[in-house]
Structures are given as structure tokens and as C-alpha cells.
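Have a look at the structure below, then the notes.
By convention in this document, chain letters (A, B, ...) are assigned in the order of the sequence lines, proteins followed by strands, and residues within each chain are numbered from 1. In this text the structure is predicted, and so the values were computed from the model without any measurement.
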Amino acid sequence: MPPHSSRRFVSEYNKGMDPRIPLPPQYDPSGVEAALYQRWQERGTFAPRGDGEPYVIVMPPPNLTAILHVGHGLNNVIQDVLIRFERMRGRAVEWLPGTDHAGIATQNVVERLLAAEGKTRFDVGREAFVERVWQFVRETGATILEQLRVIGCSSDWSRTRFTLDPAYSRAVREVFVTLWEEGLIYRGHRVIHWCPHCLTALSDEEAEASETTGSLYYIRYPLADGSGAVTVATTRPETMLGDTAVVVHPDDPRGSPYLGKRVRLPLVNVEIPVLADASVDPKFGTGFVKVTPAHDASDFEIGTRHHLPAPLIMRADGTMGQEPGVEKREAGRVPPEIQGLDRFEARKKIVQLLEAQGLLVKVETHQHAVRRCYRCDTVVEPRLSDQWFVKIQPLAEPALAAYQRGEYRIVPERWKATYENWMASLRDWNISRQLWWGHRIPVFTCSRCDHRWADRADPPGCPKCGGPVTQDPDVLDTWFSSWLWPFATFGWPQLSDDLQRFYPGHTLVTAPEILFLWVSRMVMSGYHFLGEKPFTTVYLTGTVRDTQHRKMSKSLGNGIDPLDVVRLYGADALRWTLIAGSSLGADVILDPNDLETTFAPGRNFANKLWNIGRFILAQLPANVTPIERIDRSRLTLADRWILTRANHAIWTATRYLEQFRLDEAAKRCFAFAWNELADWYVEVVKPRLGAQGGASTEAAHAVLVYCFDTALRLLHPVVPFITEELWQKLPGRGADELLAGSEWPTRRQELEDYDADPQFERVKTAIERIRSIRAEYRIAPKTRLRAAIVARGGDRSESFASERETILRLAQLEELSLDGAPVGAGAHAVFGDGSEVVVALAGAVDVQQECRRLTSELQRLDQQLAGLAVKLTNENFVSRAPADVVAREREKERMWREQRSVLTGKLTALGCG
RNA sequence: GGGCGAAUAGCUCAGCGGUUCAGAGCGCCUGCCUUACACGCAGGAAGUCGGGGGUUCGAAUCCCUCUUCGCCCACCA
């Protein structure tokens with residue numbers, strides 16, 4: 001593209017040229033957004049108002065360490081649109097914001113800071129470390145909430161919460177102790193997911209499976225009696241050090257010669273039995289499975305069934321060996337040359353050693369799922385340990401049953417099956433984490449009498465014997481606090497006013513990734529502790545991806561910083577693209593390499609609104625008569641048309657928003673503002689705005705103000721800044737009136753005229769046909785033409801006559817005949833109900849071209865008519881199709897026949913072959 | 001290995017039983033400083049609605065199947 005020097009010139013030239021229009025021709029979001037936001041806040045717009053029916057959304061609390069990414073942007077803008085819409089509808093809106101202490105994530109960040117100083121958390125000690133995290137949190141903590149303000153989120157900041165607030169902590173503790181008392185919390189000794197990097201246990205949901213190409217190693221275990229060997233297959237040969245049996249399916253004939261015998265475990269030199277167990281899949285590998293009860297969940301179950309020992313052969317940090325203090329009988333399983341090696345190094349070494357001894361049969365490449373830590377991506381190690389678990393079945397069942405009764409729903413609906421399956425097949429929830437940052441587990445043990453209990457308050461001593469007590473060193477899973485978010489934020493366990501008013505809430509907007517991690521658990525806790533759903537609708541958003549459909553992520557470098565977008569194009573532009581570009585639950589594809597193309601539509605739209613406003617405001621007197629005081633008889637066809645369109649926009653946009661179709665709502669309002677109001681009505685109405693001031697002018701002003709006001713209100717939830725800025729400039733606004741705090745428009749049927757609608761459409765079509773002919777004949781824009789319109793159909797020429805001036809002006813005509821008088825040789829177009837326009841071309845007419853055009857139009861019409869004829873003569877159609885469909889088709893046929901006869905008449909007149 | 005979703009103009013997406021439903025935005029082509037806007041106005045070109053079967057009076061729209069992508073779930077070591 002060439003540099004648009006002329007464009008820039010025009011732009012500069014225009015600036016400030018028209019003294020009636022004091023506003024600059026380009027909207028500058030950076031100049032107004034911050035001030036507008038501040039004004040909203042100062043006026044308390046975001047707090048729930050009045051005694052109206054509440055509407056509540058709790059914001060998914062972002063991690064403190066997070067900075068705003070475009071996924072947050074999408075999420076929160078959706079919430080803000082819903083919130084602003086309901087606020088304008090008069091609901092007492094509560095959008096509760098806050099942050100999550102995010103145990104592992106936050107602890108990791110601070111540990112990295114320490115590492116930069118060459119220290120570990122163990123160097124500084126628990127107390128100092130936790131203080132250090134608090135310090136970090138206070139310093140950098142709520143940046144993300146500031147960023148949400150930048151993109152316009154109208155949360156109730158007066159109720160901002162943090163999942164480690166003292167009040168919130170009381171709720172967490174109450175929940176733990178209650179579950180303890182109900183017998184739903186227990187100490188489990190089993191194999192859990194262990195992150196050797198974060199040094200903590202993880203829940204099933206926190207250990208994410210990822211497809212990996214690994215190797216399947218076939219290893220020979222010699223029989224203890226020297227009579228042969230069995231071969232086992234494994235992906236993790238290093239775990240062989242902890243093997244305590246080899247199992248084979250009881251029905252597998254290959255197993256029978258070996259059952260009851262013992263094999264000598266290579267490298268370790270201990271004898272282990274060959275046993276039968278039905279969990280073995282004979283089709284996989286060799287049919288013989290090595291059993292490592294301490295390092296594999298299913299092996300642990302096998303081990304339990306057969307009373308096998310479960311030696312740990314790996315330390316918490318993933319190196320080979322035993323932690324200090326393990327029982328002696330387990331020691332010695334790790335050969336000296338393996339001791340201390342990292343597990344993956346050990347794997348290589350062990351494979352080498354086995355190969356050297358001729359015990360490695362073969363190695364196959366193998367696709368399998370490896371679980372990784374959701375915070376640091378380290379391969380998780382299954383590890384036998386003692387952890388606290390929540391019995392999930394008693395919590396999940398009522399929540400699932402309520403879902404199936406329809407007490408709450410998930411949109412889009414397609415998540416139903418996934419959700420139900422998951423809820424029905426949950427395993428107990430491991431809630432203890434070997435971290436320091438988080439809610440300390442309120443379990444106490446008497447060091448004298450071994451009494452162990454959970455307590456709501458820190459006990460001075462053992463309640464049984466008065467002996468000294470110690471508290472469990474672990475903290476709770478971060479999700480064990482966030483699952484209380486919909487009520488702990490409102491003061492639970494106290495029966496506070498807020499709780500009574502704002503629970504249950506209404507809509508929860510979040511990413512599908514945390515449907516299981518978070519959403520499902522909130523539902524469970526809601527039913528369990530309050531006996532009621534936490535919200536009525538779960539809105540699962542799509543994922544923001546790049547043009548290659550990859551998830552945006554820091555590591556891929558394909559992210560978009562929403563604040564960059566705000567800086568370049570304004571918050572409204574960001575919001576527009578996110579909302580208009582994503583239908584319910586669908587992924588949003590954005591191009592990080594072309595922000596201009598991605599976000600310019602929103603910027604352009606804001607600018608369009610700006611200029612509509614600029615124009616209208618320059619025309620208006622200080623006092624404009626309200627539309628309801630304008631006598632209907634003074635309204636022109638165009639007036640009645642645009643008023644109808646305005647009310648149509650109100651009606652459809654409201655319905656779409658109620659159905660969570662935010663994109664459709666946004667697009668309908670866009671079309672009203674741009675394509676209907678600006679492209680047509682503003683152009684049509686211009687001559688009536690002159691200084692003469694009569695009744696027509698008064699009506700025009702009233703219609704303009706009503707329509708523009710309506711457009712701004714309808715668009716406000718999506719693009720709050722530009723609409724607020726303009727709305728305040730409308731005549732009659734008090735200095736302290738805010739669009740954000742005003743009412744959503746309601747449909748006013750007395751302003752609608754569904755006859756005017758098609759009539760004005762005919763006028764538009766006539767103008768478009770004339771313009772089209774002008775372009776086809778390459779007639780200079782300034783050339784004034786003569787044209788005639790021959791109206792057919794119901795109202796004859798009334799609608800054309802009433803907008804005669806409009807047609808003359810917008811079609812650049814010098815003369816328009818409406819009485820059927822011929823205008824000489826010209827170009828024809830037939831449209832709608834058979835009405836036709838003829839543009840006089842004084843000798844310039846190209847008969848052949850006319851014939852071509854009209855013939856092709858006739859052909860198209862004939863095709864359509866043929867299709868219709870088939871339909872309408874089909875008895876099945878006439879009898880089976882809905883009556884209104886049939887009637888519509890009949891009416892269509894009538895109009896097309898009319899068109900057709902006019903067209904053929906023209907063709908004959910022109911003498912076309 | 002199960003389940004789900006997507007495939008429509010060059011790009012990003014709407015439409016999900018009824019010929020003005022083949023659309024929008026961006027991009028592209030032609031004009032244009034027209035009483036707000038060149039971040040604009042006017043006029044255009046552009047798609048056998050992934051392939052193949054079927055159901056129906058009628059399918060982009062429903063069913064089956066194939067292909068290609070993406071997601072979720074899963075203890076086959």
C-alpha cells in the first residue's frame with residue numbers, strides 16, 4: 001500500500017475546520033478512559049444499588065502472580081458485559097472481585113527469587129519464608145486487578161477478597177473441621193502424584209497427562225532356582241529396584257509354569273514371588289508385570305491385595321535412594337552406583353547395567369501418557385505417602401443429582417456428558433500439600449497421648465491429657481480454599497447480610513480448563529455447606545488461540561498483551577474484538593502478529609460512534625423535545641423507519657443477551673448504529689436539520705436523539721468508554737448522570753411502524769439501484785441525472801413521493817419523475833414488488849449492455865420462480881409445511897411474477913433478442 | 001483406547017430444515033476531499049457451504065461414513 005499522504009492531508013485539513021463542531025474528528029481513547037473509569041468509581045456505580053433483585057457473579061480469582069493475559073481479558077469482559085447489562089436493567093448487581101493465594105504457583109515464584117540469591121526456602125526457614133511471600137504478595141500482589149480496571153471491568157471493588165484473608169481463612173478452617181467431624185476427611189496411605197520439583201503431593205486434577213513418546217523396556221528376571229527367567233515390560237525401568245513381585249493374569253497359560261516360583265530381582269539381588277492377579281492385561285507386553293507398590297498406583301493396589309512390602313527407592317526430590325530414617329529392611333535396595341542419581345539418569349544407568357548382564361531383552365518405542373505437574377511441568381512421580389483425603393462421593397452425588405434435576409446448567413450444553421461422567425467417577429481428593437504457603441492444616445497431635453483431632457482454634461494443649469501438641473506441617477490444596485469462593489467471600493460461616501443477599505449467585509464465567517479443578521468443587525461445597533447451588537449458570541468460555549490454533553502462552557511467545565492493545569487502540573477496541581469475535585463457548589482466534597487487523601474494527605467502530613455523535617451534537621439546540629411529545633403525524637417515513645429499527649435492535653439485543661449470545665447482540669447494535677442510523681437515517685435527515693427550525697426540524701432532532709441515545713445504551717455493556725463519553729454530551733444530561741448507572745432501553749411499541757419498514761426499504765433499494773447504474777455506466781459522481789420510478793405493489797408511489805427529496809439527493813438526481821412519465825432512453829432496474837427505476841442516459845445508453853443485464857436478471861428470476869413452482873404445486877409441501885411458510889412462498893411468487901412481467905416488457909421495448 | 005468439537009469467500013467467523021440464507025468484518029478491485037467520520041463514503045469481484053452416501057416435498061442446516069485439525073477423559077505396566 002502506498003503511503004496515504006493525501007489521506008493524512010485530508011485529515012489534517014479537516015481538523016477543526018468546521019466551527020460548529022468543536023470535537024476533533026478522531027476519537028482518542030487514551031485521553032478519556034482513565035477519567036471515565038475514575039468517575040464511575042467515585043460515583044459508586046459498581047456497588048449493588050437498591051433493593052432490587054440481586055444479580056451476582058463471583059469473579060474467578062486470578063493468581064496474585066499473574067499478569068493480565070488475553071484469556072483473562074476475554075473472561076472478564078464477558079462478565080462485565082453481563083454485569084453492565086443487568087445493572088442497567090435495574091438488578092442490584094454484585095460482581096465480586098478478588099485474588100487467589102495459589103499455593104504452589106506463588107511459592108514457586110518466591111522460591112525462584114530466593115534461588116537468585118543462592119538460597120532455598122529451607123535456608124531461610126518456614127516462618128521467614130512465609131513472611132517473605134507475604135511481602136512479595138503485598139508488593140506485586142494485585143496488579144492484575146488494576147489491569148482489569150484498565151479494560152473497564154465494573155467490579156464491586158469494595159468487596160475485593162483474597163483467599164488468605166483472615167475471614168476467609170476462618171471459613172476454610174470451618175469447612176475442614178466440619179468435614180472432619182462428618183468423617184469425610186481421612187488419612188490415606190497410598191500412592192499419590194508427587195512433584196519432585198515442587199516437593200509436594202498433587203491431586204489427580206493437578207497432574208496433567210501429556211502424550212509422550214517413550215520407550216518400553218523388556219527386562220529378564222531370572223528364576224531364583226536357575227531354571228529360566230520371566231520377561232517383564234516397563235516404561236520406567238528404574239522402579240525395578242522397588243519391585244516386590246511379578247504378576248501374571250491367572251488365566252494366562254504362559255504364567256502357569258512360573259506361578260509360585262520366585263525370581264531374583266536383578267541388581268538388587270532379592271527374591272520376589274511370581275503371583276497371579278486379574279488386573280493384568282495379557283495382551284500387553286509379555287503378560288508379566290513387575291510390581292512396584294511404592295511407585296505406582298495400580299501396583300500399590302496389587303501389593304495390597306497380596307500383602308507385599310512397598311519399599312521406597314526414590315527420595316522426594318527424585319534422586320535414587322532412601323530418605324533418612326527409613327526402615328533398615330528397605331535399605332540396600334539401591335545399589336551404590338545408582339545411589340543419589342536423578343531418576344532419569346538412574347534409568348539410563350540401570351538400562352546399561354541390565355544390558356551388560358544380558359538381561360535387557362529389547363527396547364521398543366512407546367506412546368503413552370506421562371503426567372506432569374500443572375505448575376512446573378515436571379514429570380510427576382507416583383509415590384507412596386501419607387496424605388489427607390476428602391471422601392468425594394458424599395459431596396459429588398448431591399451435586400450431580402441437582403444438575404440432573406436442572407437446578408443449575410452449563411452452557412454450552414455440550415459439556416453435559418463430560419461433566420456428568422466426571423462427577424460420577426471421581427476418586428477421593430488429596431488435599432494436603434507439602435508446602436509452606438497456604439492454609440495450614442488444622443490437625444493437631446498430642447505428643448504425649450497421640451490423640452489427633454481437627455480444631456477450629458489453635459489449642460493450648462491436648463484436650464484429653466493436657467500434653468503438648470503439634471500441628472500438621474502441611475498446608476491445604478489451594479483449591480480447598482477456592483472451592484468456597486461463592487460464599488466464603490460473603491462472610492460464611494456467619495449468616496451475614498451479604499450472604500443472605502448474594503447467595504446463591506447467578507452466572508459463573510470461566511475457562512473450561514478449570515471445570516473440574518474448580519467449578520465442580522464449588523458446586524459440591526455449595527450443596528454440602530449451604531444446601532444450595534452456588535450459581536444457576538456456568539458459562540464456559542472458549543480458549544484464546546493464535547492463527548495456527550495454538551493456545552496463547554508465554555513459552556510459545558504467541559501471546560497478546562491486552563494492555564498493549566489498550567494503549568494502541570483503546571479498551572473498547574479490545575473488548576469489541578473479544579465480544580463480537582466469539583460466539584458462545586467457541587474459541588477465539590486472534591493474530592498476535594497483526595494487531596492492527598485484529599483490533600482495528602473495534603477502534604473504527606468507536607470512531608464511527610464518535611463521529612455520529614460529533615455530527616448530531618453540532619446540530620442540536622440546547623433543548624430537544626422528547627420523542628414522546630412529538631406528534632406522530634409529524635414523523636416522516638424515514639423517521640418511522642428508524643424508530644422501528646431502533647426498537648427492533650432493542651428487542652433482539654435484549655433477547656440475545658439473555659441467551660448469552662453476546663456476539664449477536666453486539667453485532668445487531670453495531671448494525672443499528674452504523675448501517676441503519678449513520679448510513680441511512682443521518683444522511684436522510686440532513687436537510688431537515690437546517691437553521692429554519694420548523695416542526696420538521698424539531699421532529700428530526702427528537703428522533704436523532706432518541707436513536708442515538710438508544711444506540712449508546714445498547715452498546716454500553718460492550719464498549720463502555722466511548723458510549724459513556726458521548727452520552728454525557730447529549731442535551732439535557734445532568735453533570736452527575738452516568739450512562740453506566742442509567743437504564744437499559746425497553747421496547748416501545750408505540751414508536752414502531754412495521755408498514756414503514758418495507759416502504760422505506762423500497763426507497764433505499766431505489767436509491768441503491770440508481771447508484772449502481774451510475775457506477776456501471778461510469779458516470780461522474782457530480783453529474784446530476786434524471787430518473788423515473790414506476791411504483792407497483794400496495795402503496796403505489798406514496799412512499800417514493802414522501803421521500804422524493806431523499807432520493808433526489810442521495811442518488812444525485814436533478815429530476816425524479818414519479819408519475820410514470822417516460823424519461824427517454826435509459827437504464828432500467830426492476831426490484832421488489834415489480835417497481836422499476838429508469839435512469840435517463842441521453843444517448844449514452846448501451847442497449848446491448850441493458851439487454852444483458854435485464855436478461856440475466858430475468859434468468860435469475862425464472863430460476864427462482866421455477867423452484868417456487870415446484871414447491872407450490874407439490875401437495876406434500878402445501879399440506880406439510882407450516883402455513884406461514886406456504887403463505888410467504890405464495891406472496892413471493894406473486895411479487896416475482898410482477899417483477900417478471902415488468903422485466904419482459906422492458907426487454908421487448910428495448911428490442912432485445 | 002474412549003468421548004466431544006470444528007471443517008462455509010484469501011483470513012477470522014455467523015447462519016444449523018423452507019431461494020432474497022449463501023452472509024458479516026478484515027483483505028481485494030473501481031470511483032470519491034459528498035453539509036460527522038479516509039479509523040470514512042459509494043459501487044463491485046469473490047464460496048460446487050471438507051469428500052462420499054442417505055433421510056426429506058425441501059439440507060450449508062438432520063443421519064451415516066471417510067479425511068484433516070483441535071480439545072477433554074483414561075492405572076494397560
message: My understanding is that a pair needs two contacts under 3.5 Å, Watson-Crick or G-U wobble. By that rule, which nucleotide pairs with G40(B)?
response: C32(B)
Listed nucleotide nearest any side-chain atom of K608(A), set A77(B), U35(B), G40(B): G40(B)
- prompt: Do the ring planes of F516(A) and W422(A) sit parallel (below 30°), tilted (30 to 60°) or perpendicular (above 60°)?
  reply: parallel
- prompt: For E211(A), which contact category applies under a 4.0 Å heavy-atom criterion: base, sugar-phosphate, or nothing?
  reply: base
query: Does any nucleotide pair with G27(B) by Watson-Crick or G-U wobble geometry, both distances under 3.5 Å, and what is it?
result: none
task: Calculate the interatomic distance between W576(A) atom CH2 and C26(B) atom C1'; express it in whole Å.
output: 14 Å
- prompt: Would you say the side chains of Y569(A) and E596(A) form a donor-acceptor pair under 3.5 Å?
  reply: yes
task: Determine the interatomic distance between C1' on G50(B) and the same-named atom on A45(B); round to the nearest Å.
output: 24 Å
query: Does the side chain of R567(A) come under 3.5 Å of the side chain of S30(A) through a donor N or O and an acceptor N or O?
result: no
- request: Check every atom of C71(B), C37(B), C75(B) against the side chain of N607(A) and return the nucleotide holding the closest atom.
  value: C37(B)
query: C1' atom, A9(B) versus C66(B): distance in rounded Å?
result: 26 Å
- prompt: When you measure from the side chain of S772(A), which nucleotide among G40(B), G43(B), C26(B) comes out closest?
  reply: G43(B)
- request: Taking the six-membered ring for Trp and the full ring for Phe, Tyr or His, determine whether the centres of W576(A) and F670(A) are under 6.0 Å apart.
  value: yes
- request: Would you indicate what A678(A) reaches in the nucleic acid, counting non-hydrogen atoms under 4.0 angstrom: base, sugar-phosphate, or nothing?
  value: base
field: Per T234(A) side chain, nearest of listed nucleotides C71(B), A74(B), A77(B)
entry: A77(B)
- request: In whole angstrom, give me the gap between the P atoms of C75(B) and G17(B).
  value: 38 Å
query: Could you give the CZ-to-C1' distance, from F615(A) to G40(B), as a whole number of Å?
result: 15 Å
- line: Ranking R771(A) and Q367(A) by the position along RNA chain B of their nearest nucleotide, the one closer to 5' is R771(A)
task: Looking at every strand, decide which applies to D679(A) at a 4.0 Å heavy-atom threshold: base, sugar-phosphate, or nothing.
output: sugar-phosphate
- request: Decide whether E364(A) and Y218(A) meet the rule of one side-chain donor and one side-chain acceptor closer than 3.5 Å.
  value: yes
- prompt: In the strands shown, is G1(B) matched to any nucleotide by a Watson-Crick or G-U wobble pair with both distances under 3.5 Å, and which?
  reply: C73(B)
- request: Using whole Å, report how far CG of L517(A) lies from P of C72(B).
  value: 13 Å
message: Would you measure the distance from the P atom in C4(B) across to the matching atom in U65(B) and give it in whole Å?
response: 11 Å
message: Between P on G44(B) and OH on Y777(A), what's the gap in Å once rounded to a whole number?
response: 14 Å
- prompt: Cation over ring, K686(A) on F615(A), under 6.0 Å and within 45°?
  reply: yes
- prompt: Any donor-acceptor pair under 3.5 Å linking the side chain of D299(A) with the backbone of T292(A)?
  reply: yes
field: Closest nucleotide among G70(B), C26(B), A77(B) to the P601(A) side chain
entry: C26(B)
message: Checking side-chain polar atoms at under 3.5 Å, does Y374(A) have a donor or acceptor matched by the opposite partner on E208(A)?
response: no
task: Taking atom P in both C41(B) and U35(B), compute the distance separating them and give it to the nearest angstrom.
output: 15 Å
G25(B) and C64(B), which share atom name C1', separated by this distance in whole Å: 36 Å
task: With heavy atoms under 4.0 Å as the rule, sort H366(A) into base, sugar-phosphate or nothing.
output: sugar-phosphate
- prompt: About how many Å separate OG of S210(A) and CZ of R372(A), when rounded to the nearest 0.5 Å?
  reply: 4.5 Å
- request: Using the P atoms only, state how far G40(B) lies from G5(B), rounded to an integer number of Å.
  value: 39 Å
Residue whose nearest RNA chain B nucleotide is more 5′ - R809(A) or F516(A): R809(A)
statement: Taking G31(B), G5(B), C39(B) as options, the one with an atom nearest any side-chain atom of N604(A) is C39(B)
field: Nucleotide opposite U67(B) in a Watson-Crick or G-U pair, distances under 3.5 Å
entry: A7(B)
- prompt: Within this structure, what is the CE-to-P distance between M240(A) and A77(B), rounded to whole angstrom?
  reply: 19 Å
message: What's R668(A) touching, base or sugar-phosphate or nothing? Going by heavy atoms closer than 4.0 Å.
response: nothing
- line: From CG of D572(A) across to C1' of C39(B) the rounded distance in Å is 14 Å
- prompt: What is the nucleic acid contact for A233(A), judged by heavy atoms within less than 4.0 Å: base, sugar-phosphate only, or nothing?
  reply: base
- prompt: For the side chain of V682(A), counting heavy atoms from C-beta on, which of A36(B), A74(B), A77(B) is nearest?
  reply: A36(B)
- request: Describe the nucleic acid contact of R603(A) in one word from base, sugar-phosphate, nothing, applying a heavy-atom distance below 4.0 Å.
  value: base
task: Grab the CD-C1' distance between E420(A) and C4(B) for me, whole Å please.
output: 14 Å
query: Once each nucleotide of nucleotides 8-18 of chain B is scored for protein heavy atoms under 4.0 Å, what B/S/- sequence comes out, 5' to 3'?
result: ----SSSS--B
Between G53(B) and A59(B) - P atom distance, rounded Å: 14 Å
query: Okay, side chain of R254(A), backbone of P282(A): is any donor-acceptor separation there less than 3.5 Å?
result: yes
statement: Winner on side-chain proximity to A775(A), out of C75(B), G43(B), C37(B), is G43(B)
message: Expressed as a whole number of angstroms, how long is the span from N675(A):CG to G43(B):P?
response: 12 Å
statement: Applying the 3.5 Å cut-off to both distances, the Watson-Crick or G-U partner of A45(B) turns out to be none
- request: Please work out if R778(A) contacts a base, only the sugar-phosphate, or nothing of the nucleic acid, heavy-atom cut-off 4.0 Å.
  value: sugar-phosphate
- request: Scan E768(A) against the nucleic acid and name what it touches under 4.0 Å (heavy atoms): base, sugar-phosphate only, or nothing.
  value: sugar-phosphate
- prompt: So what's A60(B) paired with, Watson-Crick or G-U wobble, going by both distances under 3.5 Å?
  reply: none
message: To the nearest 0.5 Å, what is the distance between CG on D252(A) and CG on D277(A)?
response: 12.5 Å
message: Any base atoms under 4.0 Å from R545(A), or only sugar-phosphate, or nothing? Heavy atoms, all strands.
response: sugar-phosphate
